[in-house]
Amino acid sequence: MPRFPAALNEQVGYEFGASQQYVAIAVHYDALTLPQLAAHFYRQAVEERNHAMMLVQYLLDADETVRVPGVEAPQTEFADVVEPVRLALEQERRVTAQIGALVQLAREEGDLVGEQFLHWFLQEQREEVSSMSALLAVVERSRDNVMLIEEYLAREAGGDSPLETGAPPAAGGAL
Ligand SMILES: [Fe+2]
Ligand SMILES: [Fe+2]
């Protein structure tokens with residue numbers, strides 16, 4: 001398989017891996033009866049799953065082979081209320097670097113259609129790193145009073161991201 005579609009296939013696995021990690025974080029908070037934190041990460045998990053399926057749709061459209069990969073087991077145990085959010089921010093930063101590398105690769109290969117497809121993902125990463133950094137600041141500040149975190153999320157949640165309108169199509173439809 002040529003380098004660019006091979007790298008996109010790899011990214012499908014990273015997005016599913018991110019989704020699985022967010023499910024694990026959501027379940028962790030759900031078990032602690034922190035419903036707003038749980039809902040936030042359940043939603044993030046669906047978003048990551050949609051990212052994977054957008055990459056799948058692109059590969060289908062480009063007539064490239066799609067190999068749906070297995071994923072690494074996520075971290076399921078956390079020391080405190082802050083650690084999952086710190087992990088989530090690290091994950092978003094890692095994905096940002098991965099998408100950046102994909103853009104570089106598309107450029108090297110002279111694949112302008114592929115590069116243009118990835119621009120939405122760059123915007124999405126900017127937004128996700130920014131909102132996860134904000135959540136980390138809130139969680140760190142209120143670690144001894146978790147209901148303040150829940151209240152923050154109840155206040156800030158909702159309102160569709162304007163990015164959703166320009167999102168690439170997802171195979172089978174976005175959830
Ligand atoms: Fe993603
Ligand atoms: Fe993300």
Side-chain angles (χ1 to χ4, degrees), residues 1-27 38-75 84-137 153 156-175:
M1 199 188 299
R3 286 205 303 160
F4 184 61
L8 285 181
N9 264 285
E10 221 173 280
Q11 192 65 34
V12 172
Y14 298 145
E15 300 291 341
F16 276 128
S19 179
Q20 200 80 339
Q21 184 61 69
Y22 285 155
V23 169
I25 290 173
V27 167
H40 182 74
F41 282 97
Y42 284 130
R43 268 195 311 274
Q44 295 300 313
V46 172
E47 274 193 26
E48 301 303 346
R49 175 263 179 213
N50 287 339
H51 295 165
M53 297 307 268
M54 289 171 193
L55 295 164
V56 169
Q57 185 63 56
Y58 177 85
L59 288 163
L60 288 170
D61 289 342
D63 246 333
E64 298 288 355
T65 308
V66 185
R67 292 202 188 94
V68 176
V71 298
E72 259 180 67
Q75 183 175 334
V85 182
R86 197 176 293 129
L87 179 73
L89 179 57
E90 272 166 28
Q91 175 169 282
E92 290 301 339
R93 291 208 167 113
R94 190 166 60 246
V95 172
T96 301
Q98 287 162 353
I99 301 289
L102 285 169
V103 172
Q104 294 286 0
L105 182 58
R107 235 176 238 193
E108 275 166 44
E109 308 270 296
D111 187 342
L112 300 186
V113 173
E115 184 183 336
Q116 191 276 340
F117 163 70
L118 289 168
H119 284 167
W120 180 86
F121 285 82
L122 288 174
Q123 284 181 291
E124 173 73 5
Q125 284 313 119
R126 177 173 55 77
E127 197 278 320
E128 297 214 317
V129 168
S130 155
S131 58
M132 203 61 78
S133 300
L135 182 59
L136 181 60
L153 283 169
E156 301 292 311
D160 285 344
S161 154
L163 275 175
E164 263 162 49
T165 26
L175 298 181

Chi angles and distances behind the side chain to side chain contact (heavy atoms under 4.5 Å, CB included) call for Glu128, Gln44: CA-CA 10 Å; Glu128 297 214 317; Gln44 295 300 313; 3.5 Å; yes
Atom [atom1] in [X], atom [atom2] in [Y]: separation rounded to 0.5 Å?
X: Glu72; Y: Tyr14; atom1: CD; atom2: OH; answer: 9.0 Å
X: His40; Y: Ile25; atom1: NE2; atom2: CD1; answer: 9.5 Å
X: Gln20; Y: Gln75; atom1: CD; atom2: CD; answer: 14.0 Å

Any side-chain heavy atom of [X] within less than 4.5 Å of one from [Y]?
X: Tyr42; Y: Val27; answer: yes
X: Pro168; Y: Phe117; answer: yes
X: Val113; Y: Asp111; answer: yes
X: Ser131; Y: Glu127; answer: yes
X: Pro5; Y: Thr65; answer: no
X: Met1; Y: Arg67; answer: yes
X: Phe41; Y: Pro84; answer: no
X: Ser133; Y: Leu89; answer: yes

Backbone N/O of [Y] and side chain of [X]: donor-acceptor pair under 3.5 Å:
X: Ser130; Y: Arg126; answer: no
X: Asn50; Y: Ala170; answer: no
X: Asn9; Y: Val66; answer: no

Check against side chain to side chain contact (heavy atoms under 4.5 Å, CB included), Arg49 and Tyr22: CA-CA 10 Å; Arg49 175 263 179 213; Tyr22 285 155; over 6 Å; no
Evaluation steps, side chain to side chain contact (heavy atoms under 4.5 Å, CB included), between Tyr58 and Glu64: CA-CA 9 Å; Tyr58 177 85; Glu64 298 288 355; over 6 Å; no
Check: residues 93-108 side-chain donor-acceptor pairs under 3.5 Å, at least two apart:
| unit_1 | atom_1 | unit_2 | atom_2 | d |
| --- | --- | --- | --- | --- |
| Thr96 | OG1 | Glu92 | O | 2.8 |
| Thr96 | OG1 | Gln125 | NE2 | 3.1 |
| Gln98 | OE1 | Gln11 | NE2 | 3.2 |
| Arg107 | NE | Glu115 | OE1 | 3.4 |
| Arg107 | NE | Glu115 | OE2 | 3.1 |
| Arg107 | NH2 | Glu115 | OE2 | 3.0 |
| Glu108 | OE1 | Arg3 | NH2 | 3.2 |

Derivation and outcome, side chain to side chain donor-acceptor pair (under 3.5 Å), residues Glu48 and His51: CA-CA 5 Å; Glu48 301 303 346; His51 295 165; 3.0 Å; yes
